[in-house]
Colleague: 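This is the structure I have questions about; it appears just below.
Throughout, protein chains are lettered first and strands after them, A, B, ... in sequence-line order, and every chain is numbered starting at 1. Note that the structure is predicted; figures quoted are calculated from it, not measured. Hydrogens, waters and symmetry mates are skipped; everything else that's a heavy atom, side chains included, is used.
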2 protein chains.
Amino acid sequence: MTETEATRERILDAAEELFYGQGIQTVGMDAVRSASGVTLRRLYQVFPSKGALVEAYLLRRDERWRKSLASCVEKSDAPPAERVLVVFDWLRDWFTEPDFRGCAFVNAFGELGATAPEVAEAARRHKEAFRRYLAGLVDDAGAPGGLATPLALLAEGAITTAALTGSPLPAHAAREAARLLLAAAIDEDGRAVAQAGPPR
Amino acid sequence: MTETEATRERILDAAEELFYGQGIQTVGMDAVRSASGVTLRRLYQVFPSKGALVEAYLLRRDERWRKSLASCVEKSDAPPAERVLVVFDWLRDWFTEPDFRGCAFVNAFGELGATAPEVAEAARRHKEAFRRYLAGLVDDAGAPGGLATPLALLAEGAITTAALTGSPLPAHAAREAARLLLAAAIDEDGRAVAQAGPPR
DNA sequence: ACGGAGCGAGAACGCTCGTTCTCACTCGGC
DNA sequence: GCCGAGTGAGAACGAGCGTTCTCGCTCCGT
């Protein structure tokens, strides 16, 4: 049992690096096979089709990504009011990773969202989970819940822009904008912020 | 001369609808051919390769998109201080178009950015042009130039989020956040905003 | 009237992809 | 010791891709 689990991980490791780094359609099953050092038959034994492998790739990446973010925020000793900003610091760190290439889900959606509903659904779920996590932090900070969506938009924009420009600076700009929004919301409390739009 | 120009446009019309709607790799040259009603030989006469067609598609879309935005802002009778916000109204309108599927350049980048440098370059140029346009509006509004980048991030995040969720609401949330940022920047003027990050 | 350049329609080519099959071999239970 | 189930390595298959070629035909200058 742990044997097939190990090969499963090896396959997913290889698939993640290839799919994320080069795009899903660009990478053939044979590339996954040779990168994972597994035989083609075993590959199809564990994942009965490329679609299944793609789904597993996205699922695992979603969990990894969110766990990494959460544990970073948890480890930080920032007061609750500033924990939201730690998210943007974490983004900056992510952006500076050498193989950063934007959001795997946005990329997958652009590539396959129109033809593969499961991919579109996985992307939606990922973004929705992130937004909810952000909403929790906003709530802990005592800020109005309506802030979660604009903060998510800033993060989203930063991810895409960092990918396109190859620079981590968008994380900084997004962080400062987030700080301003939080400050404005807490200062004037419920007033200006009640107009900041419905939860979504 | 105008004859080949007309077929060129017909090809590009078909290519744009297909590439944007389904993704670039998904759409074969044969699909472009039959959608444009042009013979395969003519297609390759006008665009010597699929890569050339993709480049032309992105170039024309960039021009169209920016021209549409600019003419919308120009036509609006909003005072300079609020013209920036018109951008987000225009985004909302775009998001509600029935075949809206996010930013063509972000999608193309996710699909081909890692393997096709021209695509990556086109996406970069498109985003940079948008950011510069926004910077012009920010300047006209008398707001500090450092605002252009966070506003661009909001717009970018709204585009992606609207595509994923299929809802135009992110445009509204981004607009309100932009309004708050502008108000905060103009109120406190150069103070809080000088920290809003370098131009990029 | 005629020769040839250009055209439309689609077959053809070479390649790659996702997936399956072959086949020699290994190895654990009777 | 042996049989059969399962393995590894890779060939094979059918489909689809981007691109080019073939082949009648048309149409224009002389």
Colleague: Does the distance from a Lys or Arg side-chain N to an Asp or Glu carboxylate O, for A:Asp62 and A:Lys127, drop under 4.0 Å?
Modeller: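 Result for this pair is no, no salt bridge flagged.
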Colleague: Expected output is a numbered-order residue list: members of residues 13-35 of chain B with a heavy atom under 4.0 Å from any atom of DNA chain C. What is it?
Modeller: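 Residues of residues 13-35 of chain B that come under 4.0 Å of DNA chain C do not exist, since none gets that close.
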Colleague: Using whole Å, what does the distance between atom C1' of nucleotide C:dC7 and atom CG of B:Leu40 come to?
Modeller: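 It is 14 Å, rounded to the nearest whole Å.
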Colleague: Whether the side chain of A:Asp140 engages the backbone of A:Val84 through a donor-acceptor N/O pair (distance < 3.5 Å, no angle test) should be reported.
Modeller: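 Looks like no, no N/O pair under 3.5 Å.
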Colleague: Could you tell me the separation between the NZ atom of B:Lys50 and the P atom of D:dT19, rounded to a whole number of Å?
Modeller: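 The distance from NZ of B:Lys50 to P of D:dT19 comes to 8 Å, rounded to the nearest Å.
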Colleague: Just do the side chain to side chain donor-acceptor pair (under 3.5 Å) check on A:Arg131 and A:Thr149 with the steps written out, would you?
Modeller: CA-CA 7 Å; A:Arg131 212 197 62 85; A:Thr149 294; 3.0 Å; yes
Colleague: Give every residue pair that meets the ring-ring contact (aromatic ring centres under 6.0 Å, His included) criterion with at least one member in residues 6-40 of chain B, sequence neighbours excluded.
Modeller: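 Matches after skipping sequence neighbours: B:Phe19-B:Tyr57.
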Colleague: Let me know, please, whether A:Ser49 or B:Val38 comes out on the 5' side of the other along DNA chain C by nearest nucleotide.
Modeller: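 Closest to the 5' end, via its nearest nucleotide, is B:Val38.
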Colleague: Report yes if the side chains of A:Arg125 and A:Phe105 come closer than 4.5 Å at any heavy-atom pair, otherwise no.
Modeller: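 They are not in contact (no side-chain heavy atoms under 4.5 Å apart), so the answer is no.
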Colleague: Output the rounded distance in Å from OH (B:Tyr44) to P (C:dG10).
Modeller: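 It is 17 Å, rounded to the nearest whole Å.
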Colleague: Mind calculating the distance between CG (B:Leu43) and P (D:dG18) to the nearest angstrom?
Modeller: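 Rounded to whole Å, this separation is 11 Å.
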Colleague: Scan B:Arg41 against the nucleic acid and name what it touches under 4.0 Å (heavy atoms): base, sugar-phosphate only, or nothing.
Modeller: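 Here B:Arg41 touches the bases of the nucleic acid.
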Colleague: Will you find, in the side chains of B:Trp90 and B:Ser68, an N or O donor that is under 3.5 Å from an N or O acceptor?
Modeller: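 Yes, B:Ser68 and B:Trp90 have a side-chain donor paired with an acceptor closer than 3.5 Å.
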